[in-house]
Amino acid sequence: MSLALVHATLLLAQAAFAAPFSPAGALRFAAAPEEIAQSCQAAKRRAEMNLGAIVNLPESARTFANTPEALDLALWELSDGESSDTFLKYVSVSSSVRSAANDCETLLGQFAVEVFGREDLFKAVSAYAAKKEALSGEKKKLLEKELLDFKRNGLLLPAAEREQVREIKKKLVELEASFGKNLNEVKDFLTLSREELAGLPEDYIARLKREGDRFVVTLDYPDYFPFMNNGKNADARRRLEFLFNNRALKDNLPILKEVLSLRRRAAALLGYRSHAHYILEDRMAKTPGSVDAFVSRLDKKLKVLAKDELKVLVELKAKEEGKASDGIIHAWDWRYYDAKLKRERYEIDLEKIKEYFPMATVTEGMLAVYQKLLGLKFRIVEDAVTWNEDAKLYEVTDAAGGPAIAYFYMDLFPREGKYKHAAAFDLIKGRQLPDGTYQRPVSAIVANFNKPSPDRPSLLKHGDHEEVETYFHEFGHIMHQTLTRAQYGRFSGSSTARDFVEAPSQMLQNWVWDPEVLASLSGHYKNPSQKLPPELLGKMIAAKNVNSGLVNLRQLFFASIDMSYHGPLPVADTTAQYQKLAGRISMIPMTPGTHPEASFGHLMGYDAGYYGYMWSKVYAEDMFSRFAEEGILNPVAGRRYRENILEPGSSRDEMESLKTFLGREPNEEAFLKSLGLTSKRPRS
């Protein structure tokens, strides 16, 4: 070999070594809008070619591998290939990139509708099914689910009606994407005087932008919720809540009306009594009747708690406002008086408590918990390909060593145009590839925790439904997505029945209340060796179920309004229905003039499924009861959980996985106990 060739080879090796590391070749986060559009169209064309190859096979040559399995492979190759392009909709700082990513997400969503609306593909899969080959396990389930998808997309209907269903579903993909995009682009804010910020901590005020001598409070979560929890000025809370519950009103209310109408039409064409009946056919609950019974049963139990809780909050308001109090806990009041009650009765000050939970300490402690419990090792990957300097990549290996089994990103701070909530995103699905190797999954946790300031690190609130708990919850999804061993992308990770998908992550929220775990999660930001005082932890645990009736009735209300919108009868006025059910179920009246349904993002994608949060919590608390019995950090129990819940995904029936892990039939006892109730509590 010549010296010149040796030199060139060395340069190439050095360049390769210096290049940023990517956990998957398909991931690219620096794409320009035109590149996203071109890539998306090209990926769709490749998928169409792969599907065409399935269709063109002679019937005599059909096998499981070249028909139902090939269909699944074609769809997940498309999904994985374009995942980073569509993901940019949620994390890019560029509005033009987000718009292109939204268009790609819409295009692929519509393509998915087209696939299971294609008669030629239906005939191909049906021709294989007619051979009645003996299938079991995941293969049998894959064939059943694909045939069900064709049925649910109208392939058993006459051609004209089938085409109507197809067009409706494609339109729904477009509308649902627009609803979410409109919410993500909201830039409304309130400007307030220094006096109107009374009650807000100094670090909160210091980070607010200013317009002259006034302070800008946005509707983003890091601004909105601390204000509603701490702002003493009731009128300022009222005005901010009014803005918050009118987000995207002009654009999204018409979209919601059209979406509900189209869903109802599609369900009727497909022979279902309602959209809820259509959705629940493929869930653990199976029917709207079982959801209604679940909600009704809990509503009766929780009202016992909530009536007394509401009286206490009204008394607290009367004490603060005196004769000016109207004796009503409004939508702009309840968070404030809930926080005030915890401060006064239990000496729980979330702003003080968060000083013990710096982001870096919580992250290190949380990762240590998951590593010990699940038999894993996490390592941060330097010089990784990312979409923003805030995003960090981690490698996952077994604790015993060996090659990487998965990767996950963390993107935890807010920025312009970023997804407003906390969520876990599948980027690359774990699944078996045609060559027999297993594709390493890649996921991303996206959150909006407060950014560090010059004099303070990022500090996380600890409490029920607060930031430390949210962090554990979303990371629970990451573990579900990255530890999967399902053979097919269809069943991989958190692609379970929608009313079970939250159970693993909800179960892991319990760890943030354990004294041993809290010792590893806490450390005062000024003195890391100073852990959360035991007496303060005791007060926090005592306060955990404060207002649990009202908090959980609120969840039941969301479940009820969702089911109501998707029931057999059309809802003429979505706002009036929202107002009616809010007062009756949540016991907190909707503010007149607001239209909260226009920003109820779960109606797009979680339609007729919001009940699943509480439904899955029943199973979550039951699973946690095993750890409570065997040791909260018991690696044997953790390994059993990993193998029986996380690894299978939906490759087997969720109830079977539950029974295997529990060693018995699941029940509600642990769930009721977690709310401060017992099964013997009266139902008056």
Side-chain angles (χ1 to χ4, degrees), residues 72 135-145 148 280-286 290 294 370 373-376 396 398 405-406 424 426 429-432 438 441 443 472-473 475-511 609 611-630 632 634-671 674:
D72 186 74
L135 298 175
S136 62
E138 207 168 338
K139 286 182 167 60
K140 180 181 179 183
K141 188 172 184 179
L142 181 66
L143 178 60
E144 290 172 349
K145 288 294 185 182
L148 180 62
L280 292 170
E281 175 186 40
D282 202 28
R283 304 286 166 88
M284 290 182 79
K286 301 303 182 189
S290 62
F294 174 75
Y370 281 92
L373 188 69
L374 300 175
L376 301 170
V396 184
D398 274 308
I405 57 176
D426 263 323
K429 277 282 191 181
R431 56 188 173 87
Q432 187 171 303
Y438 199 79
S443 292
F472 265 71
H473 175 99
F475 199 75
H477 283 308
I478 295 293
M479 291 293 92
H480 203 179
Q481 292 166 359
T482 57
L483 298 182
T484 184
R485 298 303 298 169
Q487 182 175 356
Y488 300 113
R490 173 73 182 250
F491 307 125
S492 175
S494 56
S495 296
T496 64
R498 205 61 179 272
D499 45 6
F500 182 75
V501 70
E502 299 295 335
S505 50
Q506 286 175 327
M507 194 272 286
L508 288 158
Q509 291 174 197
N510 288 285
W511 269 252
Y611 76 91
Y613 280 104
M614 292 198 72
W615 181 277
S616 59
K617 192 165 174 60
V618 170
Y619 302 124
E621 295 303 324
D622 207 12
M623 287 190 290
F624 176 67
S625 70
R626 293 305 307 268
F627 287 97
E629 294 167 7
E630 299 177 33
I632 196 165
N634 185 328
V636 175
R639 172 60 71 169
R640 192 169 70 249
Y641 173 74
R642 175 178 165 181
E643 292 175 350
N644 289 295
I645 300 296
L646 300 181
E647 291 182 356
S650 193
S651 61
R652 65 182 181 191
D653 185 79
E654 289 80 5
M655 186 58 73
E656 181 184 344
S657 292
L658 269 171
K659 290 177 182 177
T660 303
F661 173 71
L662 293 170
R664 57 169 170 76
E665 292 282 341
N667 61 60
E668 290 185 359
E669 292 300 315
F671 175 59
S674 76

With sequence neighbours excluded, residues passing side-chain contact (heavy atoms from CB on, under 4.5 Å) with [X]:
{"X": "Asn667", "answer": "Asp622, Arg664, Glu669"}
{"X": "Ser657", "answer": "Ile645, Pro648, Arg652"}
{"X": "Val501", "answer": "Ser494, Thr496, Arg498, Tyr606"}

At their closest point, which heavy atom of [X] faces which heavy atom of [Y], and how far apart are they?
{"X": "Ser650", "Y": "Ala497", "value": "OG-N, 4.3 Å"}
{"X": "Phe472", "Y": "Leu508", "value": "CD2-O, 3.6 Å"}
{"X": "His480", "Y": "Gly649", "value": "NE2-CA, 4.3 Å"}
{"X": "Ser625", "Y": "Ala670", "value": "CB-CB, 4.2 Å"}

Under the rule for side chain to side chain donor-acceptor pair (under 3.5 Å), what residues qualify as partners of Gln487, not counting sequence neighbours?
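Gln487 satisfies side chain to side chain donor-acceptor pair (under 3.5 Å) with no residue once adjacent residues are dropped.
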
I'd like to check the side chain to side chain donor-acceptor pair (under 3.5 Å) partners of Asn634; sequence neighbours left out, ordered by chain and number.
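Checked Asn634 against side chain to side chain donor-acceptor pair (under 3.5 Å); zero matches.
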
Not counting sequence neighbours, which residues clear ring-ring contact (aromatic ring centres under 6.0 Å, His included) with [X]? List them please.
{"X": "Phe475", "result": "Tyr370, Phe378, Phe408"}
{"X": "His477", "result": "His473"}
{"X": "Phe491", "result": "none"}

Can you tell me how far [atom2] of [Y] sits from [atom1] of [X], rounded to the nearest 0.5 angstrom?
{"X": "Ser505", "Y": "Gln481", "atom1": "OG", "atom2": "CD", "answer": "9.5 Å"}
{"X": "Ile405", "Y": "Thr482", "atom1": "CD1", "atom2": "OG1", "answer": "7.0 Å"}
{"X": "Gln432", "Y": "Tyr488", "atom1": "CD", "atom2": "OH", "answer": "7.0 Å"}
{"X": "Leu143", "Y": "Leu148", "atom1": "CG", "atom2": "CG", "answer": "11.0 Å"}
{"X": "Leu662", "Y": "Met655", "atom1": "CG", "atom2": "CE", "answer": "9.5 Å"}

Are the side chains of [X] and [Y] in touch, meaning some heavy atoms are under 4.5 Å apart?
{"X": "Glu502", "Y": "Trp615", "answer": "no"}
{"X": "Met507", "Y": "Tyr619", "answer": "no"}
{"X": "Phe624", "Y": "Ile632", "answer": "yes"}
{"X": "Leu280", "Y": "Lys286", "answer": "no"}
{"X": "Trp511", "Y": "Leu373", "answer": "yes"}
{"X": "Phe294", "Y": "Val618", "answer": "yes"}

With sequence neighbours left out, what residues match [X] under salt bridge (Lys or Arg N to Asp or Glu O under 4.0 Å)?
{"X": "Arg626", "result": "Glu629, Glu630"}
{"X": "Glu281", "result": "Lys151, Arg152"}
{"X": "Glu621", "result": "Lys617"}
{"X": "Arg490", "result": "Asp149"}

Between the side chains of Thr660 and Glu656, does any donor sit under 3.5 Å from an acceptor?
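Side chains of Thr660 and Glu656: no pair found under 3.5 Å.
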
No-hydrogen, no-angle side-chain donor-acceptor test under 3.5 Å, Lys429 and Thr484
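There is no such pair between these side chains.
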
Does the [X] side chain pair with the main chain of [Y], one donor and one acceptor, at a distance under 3.5 Å?
{"X": "Glu138", "Y": "Ala486", "result": "no"}
{"X": "Asp499", "Y": "Arg283", "result": "no"}
{"X": "Arg642", "Y": "Leu374", "result": "yes"}

Between Asp72 and Lys145, is there a salt bridge with N-O shorter than 4.0 Å?
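Judged by the 4.0 Å cut-off on N to carboxylate O distance, Lys145 and Asp72 do not form a salt bridge.
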
